[in-house]
Amino acid sequence: MHISELHAVINDKSHVVVDIRDPNSFQAGHIPDSIHLTNDNISSFIREADIDAPVVVCCYHGNSSQQAAQFLLSQDFTEVYSLDGGFVDWQLHYPDLVTSGSNAE
């Protein structure tokens, strides 16, 4: 998913954004309302999430998120996207839509 596509729907909360970057990077800045997905909480996320809701996976540059998106698809999620360009591209184009602090589940 291109960052402009996510930007177009970010306010209607129709997509669940999950961030797979390291904890320090997530704390320093992330897409508003994104969920910090880690090895510690991925099982509960899979168990509790709506598998039919669109999920956008965010990493640093959009590479690792492709593998994570494939994993979620293998867990019966129906609509999963990797954020092209990752958080780095998001922060570059939408610096006003970056928040800091914890938002892990």
Side-chain angles (χ1 to χ4, degrees):
M1 171 176 275
H2 191 271
I3 59 167
S4 63
E5 293 174 281
L6 179 59
H7 183 257
V9 298
I10 196 78
N11 289 327
D12 65 17
K13 309 220 187 292
S14 60
H15 291 58
V16 176
V17 179
V18 295
D19 191 318
I20 62 170
R21 294 175 304 136
D22 71 88
N24 290 336
S25 295
F26 184 83
Q27 284 278 354
H30 53 269
I31 296 170
D33 299 319
S34 61
I35 298 167
H36 188 221
L37 205 56
T38 66
N39 288 336
D40 295 333
N41 68 1
I42 193 164
S43 293
S44 61
F45 174 78
I46 290 170
R47 200 171 43 252
E48 297 167 10
D50 178 357
I51 62 171
D52 294 318
V55 176
V56 180
V57 183
C58 174
C59 65
Y60 295 97
H61 300 284
N63 299 320
S64 299
S65 58
Q66 293 175 18
Q67 295 163 349
Q70 286 301 316
F71 175 75
L72 291 176
L73 286 169
S74 77
Q75 300 299 306
D76 297 326
F77 283 76
T78 58
E79 196 176 347
V80 184
Y81 305 94
S82 170
L83 185 62
D84 298 339
F87 181 74
V88 170
D89 206 23
W90 178 269
Q91 187 174 31
L92 178 67
H93 288 88
Y94 306 112
D96 57 320
L97 289 175
V98 171
T99 188
S100 58
S102 180
N103 202 23
E105 282 201 334

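Basis for what follows: all heavy atoms, side chains included, without hydrogens, waters or symmetry-related copies. Bear in mind the structure is a predicted one, so any value in this text is a computation, not a measurement.
With sequence neighbours excluded, no residue satisfies ring pair (Phe, Tyr, Trp, His ring centres under 6.0 Å) with Tyr60.
The shortest side-chain heavy-atom distance between Val98 and His30 does not fall under the 4.5 Å cut-off.
Between Leu37 atom CG and Ser44 atom OG the span is 8.5 Å, to the nearest 0.5 Å.
Among pairs with a residue in residues 73-93, those fulfilling ring pair (Phe, Tyr, Trp, His ring centres under 6.0 Å) read Phe45-Phe77, Trp90-Tyr94, at least two apart in sequence or across chains. Annotation: salt bridge (charged side-chain N to carboxylate O under 4.0 Å, His left out) contacts involving residues 74-99, sequence neighbours excluded, are absent. Counting only residues at least two apart or on different chains, the side chain to side chain donor-acceptor pair (under 3.5 Å) pairs with a member in residues 9-18 are Asp12-Ser14, Lys13-Asp33. For the salt bridge (charged side-chain N to carboxylate O under 4.0 Å, His left out) condition, the pairs that include at least one residue of residues 14-23, sequence neighbours left out, are Asp19-Arg21. Counting only residues at least two apart or in different chains, salt bridge (charged side-chain N to carboxylate O under 4.0 Å, His left out) contacts with residues 52-64 are absent.
Enclosure of atom CG in Asn39 is not indicated, since only 12 or fewer non-hydrogen atoms of other residues, nucleotides or ligands lie within 6.0 angstrom.
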Using residues 1-9 as the side-chain source, report each donor-acceptor pair under 3.5 Å to any protein atom, sequence neighbours left out, with the distance given to one decimal.
| residue | atom | partner | partner atom | Å |
| --- | --- | --- | --- | --- |
| His2 | ND1 | Ser4 | N | 3.0 |
| His2 | ND1 | Ser4 | OG | 2.8 |
| Glu5 | OE1 | His2 | N | 2.8 |

Which side-chain N or O atoms in residues 61-72 pair as donor and acceptor under 3.5 Å with protein atoms at least two apart or in another chain?
| residue | atom | partner | partner atom | Å |
| --- | --- | --- | --- | --- |
| Ser65 | OG | Ser82 | OG | 2.5 |
| Gln66 | NE2 | Gly62 | O | 3.1 |

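Between Ile31 and Cys58, the closest heavy-atom pair is CD1-SG, 4.2 Å.
A single hydrophobic cluster is not seen to contain both Val88 and Ile10; linkage of ILVMFWY side chains at heavy-atom distances under 4.5 Å, directly or through other members, places them apart.
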